[in-house]
Amino acid sequence: HQNSNCTFKTCNIMDPKSRYEAIKSGKQFDLVSCFGVTMWIHLNRGDEGLILFLETLVQLTRRVLILEPQTSKNYKSAKSRIRRAGAVVPNSFKSLRITGNNI
């Protein structure tokens, strides 16, 4: 629903073209929320992908940015779920350096 006071926008900012268009528009949002995806971006795109994601969110946020942090237990659980699903654990998983202890 959209009116003069409220706009909802979804965007895959990990897609280079979408990220470029979102930033180029110059539009910022009073509130940006991101739930349940930061860990998956980190696991699949590595530390550099997580940093790029967070930097982009900051550029698109005027006032409030809400992120859902994930515990190391959730990361371990994700690795197990990936294996149980028969998928290959991304190589980036082994090289992650950013943790809750060094943010």
Side-chain angles (χ1 to χ4, degrees):
H1 172 18
Q2 184 174 335
N3 65 35
S4 61
N5 296 321
C6 189
T7 301
F8 295 91
K9 173 80 173 151
T10 60
C11 177
N12 178 4
I13 61 173
M14 294 312 292
D15 172 67
K17 182 179 179 189
S18 296
R19 181 174 49 254
Y20 173 78
E21 290 172 358
I23 292 169
K24 183 182 173 192
S25 75
K27 187 178 240 182
Q28 286 188 304
F29 298 91
D30 291 323
L31 171 68
V32 174
S33 61
C34 182
F35 301 108
V37 299
T38 54
M39 176 182 69
W40 294 106
I41 290 170
H42 196 199
L43 291 177
N44 288 289
R45 306 280 181 129
D47 290 338
E48 296 79 19
L50 178 63
I51 290 167
L52 176 63
F53 175 70
L54 295 174
E55 288 174 346
T56 304
L57 287 180
V58 167
Q59 288 179 331
L60 296 174
T61 305
R62 183 180 345 202
R63 294 194 179 154
V64 178
L65 172 59
I66 301 172
L67 296 172
E68 178 186 29
Q70 300 295 320
T71 65
S72 58
K73 181 180 177 182
N74 289 356
Y75 275 74
K76 290 175 188 172
S77 174
K79 188 175 180 180
S80 296
R81 289 193 321 232
I82 291 168
R83 285 189 177 142
R84 277 196 310 272
V88 176
V89 175
N91 287 334
S92 59
F93 193 98
K94 299 173 189 126
S95 63
L96 299 179
R97 299 285 177 250
I98 297 174
T99 68
N101 298 327
N102 63 10
I103 293 178

Could you tell me whether a side-chain N or O of [X] sits under 3.5 Å from a main-chain N or O of [Y], the two making a donor and an acceptor?
{"X": "Q70", "Y": "G36", "value": "no"}
{"X": "T61", "Y": "V64", "value": "no"}
{"X": "S92", "Y": "L43", "value": "yes"}

Who else is in V88's hydrophobic cluster (ILVMFWY, side-chain heavy atoms under 4.5 Å, direct or via others)?
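Direct or chained contacts put V88 with none.
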
Within the structure provided, determine whether [X] and [Y] are in side-chain contact (heavy-atom separation under 4.5 Å).
{"X": "V58", "Y": "V32", "result": "no"}
{"X": "E55", "Y": "Q59", "result": "no"}
{"X": "R19", "Y": "L52", "result": "yes"}
{"X": "R83", "Y": "V89", "result": "yes"}

What pairs of residues pass the ring-ring contact (aromatic ring centres under 6.0 Å, His included) test when at least one of them lies in residues 21-58, not counting sequence neighbours?
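Every ring-ring contact (aromatic ring centres under 6.0 Å, His included) pair that includes a residue of residues 21-58, provided the two are not neighbours, is H42-Y75.
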
Please enumerate all residues that pass salt bridge (Lys or Arg N to Asp or Glu O under 4.0 Å) together with R62, with sequence neighbours excluded.
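R62 satisfies salt bridge (Lys or Arg N to Asp or Glu O under 4.0 Å) with D30 once adjacent residues are dropped.
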
According to a 4.5 Å side-chain heavy-atom criterion applied to Ile, Leu, Val, Met, Phe, Trp and Tyr, with indirect links allowed, do [X] and [Y] form part of one hydrophobic cluster?
{"X": "M39", "Y": "I98", "value": "no"}
{"X": "I41", "Y": "F93", "value": "no"}
{"X": "M14", "Y": "V37", "value": "yes"}

Step through the shown structure and confirm whether more than 12 heavy atoms of other residues, nucleotides or ligands are within 6.0 Å of CZ on R81.
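Yes, enclosed.
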
Check the pair I13, L60 against side chain to side chain contact (heavy atoms under 4.5 Å, CB included), reporting the backbone distance first and the verdict last.
CA-CA 10 Å; I13 61 173; L60 296 174; 4.1 Å; yes

Once you round to the nearest 0.5 Å, how far does [atom1] of [X] lie from [atom2] of [Y]?
{"X": "S72", "Y": "L96", "atom1": "OG", "atom2": "CG", "result": "12.0 Å"}
{"X": "K94", "Y": "K79", "atom1": "NZ", "atom2": "NZ", "result": "7.5 Å"}
{"X": "L50", "Y": "T38", "atom1": "CG", "atom2": "OG1", "result": "7.0 Å"}
{"X": "T71", "Y": "K76", "atom1": "OG1", "atom2": "NZ", "result": "9.0 Å"}

